[in-house]
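Here is the structure we will look at, set down as structure tokens.
Chain letters run A, B, ... following the sequence lines, proteins first and then strands; every chain starts at 1.
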Protein chains: 2
Amino acid sequence: MDKTRIARNATSPRQGAQAIRRALAVLRILAAGREDGVPLAEVIRAIGLTRPTVHRIIHVLIEEGIVERHERTGRYAVGNQVPELALARPRPSRLLIAANPSLQRASTEIGDTLFLTVRTGNDTLCVDRRIGIYPIQVLSIEIGARRPLGVSSAGVAILAAVPAQDARKIVAANEKRFEAYKTDVATVLGEVTAARRLGYGLREIGLVQGTKSISTWIKTPDGRPAAAITVSAVRTRLGPRREQEVAEILLREARSIEQAIGG
Amino acid sequence: MDKTRIARNATSPRQGAQAIRRALAVLRILAAGREDGVPLAEVIRAIGLTRPTVHRIIHVLIEEGIVERHERTGRYAVGNQVPELALARPRPSRLLIAANPSLQRASTEIGDTLFLTVRTGNDTLCVDRRIGIYPIQVLSIEIGARRPLGVSSAGVAILAAVPAQDARKIVAANEKRFEAYKTDVATVLGEVTAARRLGYGLREIGLVQGTKSISTWIKTPDGRPAAAITVSAVRTRLGPRREQEVAEILLREARSIEQAIGG
DNA sequence: CTCGTCTTGTCCATAATATGGACAAGAACG
DNA sequence: CGTTCTTGTCCATATTATGGACAAGACGAG
């Protein structure tokens, strides 16, 4: 019985909740600041709203216990009521359970640091990490680390698995945030295209000096990429030959995880 | 109709974010439903708003990934983006770390099931559980269980440690929700008064048939109760003599935890 | 010290938003 | 095939959230 319907799928069509959406956008920005949080000015920059609006939203969230302010620094961070609400869900998540054996296998096989990263909105979020046996490990990325889709090899891999048009939209939406990571729309789109051709995501110049990362994407049964597995190592550990080996292991385990969440 | 003269210091005074507050209130109600979630009608009942408003809020939260709808049942539950946001915080929390040795000690000493419960708004939330060695254990309450302050012995204990006036306000605010737990304002206030006299919270008739619970409160350095430790056991295991013993252990450990979070 | 340049916080007229009464439609039951 | 549940939608309008302008505090330089 639907007649003339305005595009329901493109962007969020539901009216009458601007404030709620804005509050959540603020919260996601604060989440990217992890424990240390984010100063107000930076939130304003990232979200593109006016100072009074952002200020009011944050302070209401503080009153509600959703946001905390650090006494020392004045920065705003995710409050302790958020994990309290999270307790309503079963832990660990299905993905974590499904990925566990694969991460175990790949970690012992490869020996370098492994990450499991999910897509959440326009961000990547590291949800699991395995440290390998090789004495030099890249540990810069911790569980909970959140970055704009596109700046990490995991983000590039996930974008490569998204329909090209959607990928472009996501990258465009993250444009403002790329500056902080010293990249830009064109670079990211180039990397995404390369990853699509290669079959896996690659970052020759990692977020940390002298490291290199390889990521493969994991799709849900409906064909949308939900996550990525990544190996990070010092660059010399990942020459062309070993890159090939590692990529094959990651591809194998990505398929294995897809099986586990699909069946 | 300008009767906006509500106490400015007691409850949240900040204006201009009604929708955000409402959305969070909805989310807390959904959190009480844990994995199974809550039907829309029940949310409406619990929150006292109109159907269109609640409906709109929930569906916006779904679009944002904060709420999920279960395909089968049609119930609404906390979505997977909530734990994702929670990853921004250090885990486990300071309280959990501080309480750990006490729970360990008390658990081996007592042998019955132990709970650590925090206050969050007008709710109690179970955040840790230890199973004892005695063969019959009360396992009905799981980590993440959320109930109105006042219906569990932990809630009674926390209310007993709050200034009487505040306790009355909280209980009044929870009035509508008490029905579902077969209690009422008068009963709860009576139990709170009794707990204040005794020095610990007590529930002769537990939420589960034939069980009994004892709870002691834990205050933060600024004197406000933040949590409670509870022992639950089949009633026959907690006669007057043993009640005394158990209460003493719980009181001792409550003080110990207060030390740990205070220093 | 005074100015400049950061930052965060507040006021309030008003435009825009969120509200809820009324209605619709589907499901389960007898 | 009505009754009574449930969830979902519309839209005029009054309540709400908005943001321009201003304030105030912190810090450093001259």
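Taking the screw axis at each terminus of the helix from C:dC1-D:dG30 to C:dG30-D:dC1 from five consecutive base pairs, the angle between the two is 30° to within rounding of 10 degrees.
Summarising the geometry, the separation between CD1 on A:I44 and P on C:dG9 is reported as 10 Å, rounded to the nearest angstrom. The separation between B:I57 atom CD1 and D:dA17 atom P is 10 Å, rounded to whole Å. For the pair A:L49 CG and D:dG20 P, the computed distance is 11 Å after rounding to whole Å. Rounded to an integer number of Å, the gap from CD1 of B:I58 to P of C:dT19 is 13 Å. When the P atom of C:dC6 is taken as reference, atom CD of A:E42 falls 16 Å away, rounded to whole Å. In this structure, B:R56 atom CZ and C:dT19 atom P are separated by 5 Å, rounded to whole Å. Rounded to a whole Å, the CZ atom of A:R21 is 12 Å from the P atom of C:dT17. Here the P atom of nucleotide D:dT6 and the NE2 atom of B:H70 are 20 Å apart, to the nearest Å.
B:V118 and B:L95 make their closest contact through CG1-CD2, 3.3 Å (heavy atoms, listed as atom of the first residue, atom of the second, distance). The two residues A:F178 and A:V185 have their closest heavy-atom pair at CD1-N, 3.9 Å. Considering all non-hydrogen atoms of both residues, B:N80 and B:E68 come closest at N-OE2, 3.3 Å. The two residues B:R129 and B:I141 have their closest heavy-atom pair at NH1-O, 3.1 Å.
Each of A:R22 and A:R69 has a nearest nucleotide on DNA chain C; the 5'-most of these lies closest to A:R69. Where A:H59 and A:Q18 each meet DNA chain C at their nearest nucleotide, the meeting point lying more 5' is that of A:H59.
Between B:D166 and B:R224 there is no salt bridge, since no side-chain nitrogen of the basic residue lies less than 4.0 Å from a carboxylate oxygen of the acidic one. Under the 4.0 Å criterion applied to side-chain N and carboxylate O atoms, A:E84 and B:R28 are not assigned as salt-bridge partners.
OP1 or OP2 of D:dG8 has at least one side-chain nitrogen or oxygen of B:Y76 nearer than 4.0 Å. Between D:dG8 and B:H55, a contact under 4.0 Å exists linking OP1 or OP2 to a side-chain N or O. Applying the 4.0 Å criterion to OP1 and OP2 of C:dT19, one finds that B:T50 has every side-chain N and O outside that range.
Closest to the side chain of B:P52, out of C:dA18, C:dG9, C:dA22, is C:dA22. Distances were taken from every side-chain heavy atom of A:A19 (C-beta onward) to each of D:dA17, D:dT7, C:dG20; the shortest belongs to D:dA17.
As judged by a 4.0 angstrom heavy-atom cut-off over every strand, A:R75 is placed among residues making no nucleic acid contact.
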Just do the side-chain hydrogen bond (donor to acceptor under 3.5 Å, both in side chains) check on B:D123 and B:T120 with the steps written out, would you?
CA-CA 5 Å; B:D123 293 351; B:T120 176; over 6 Å; no
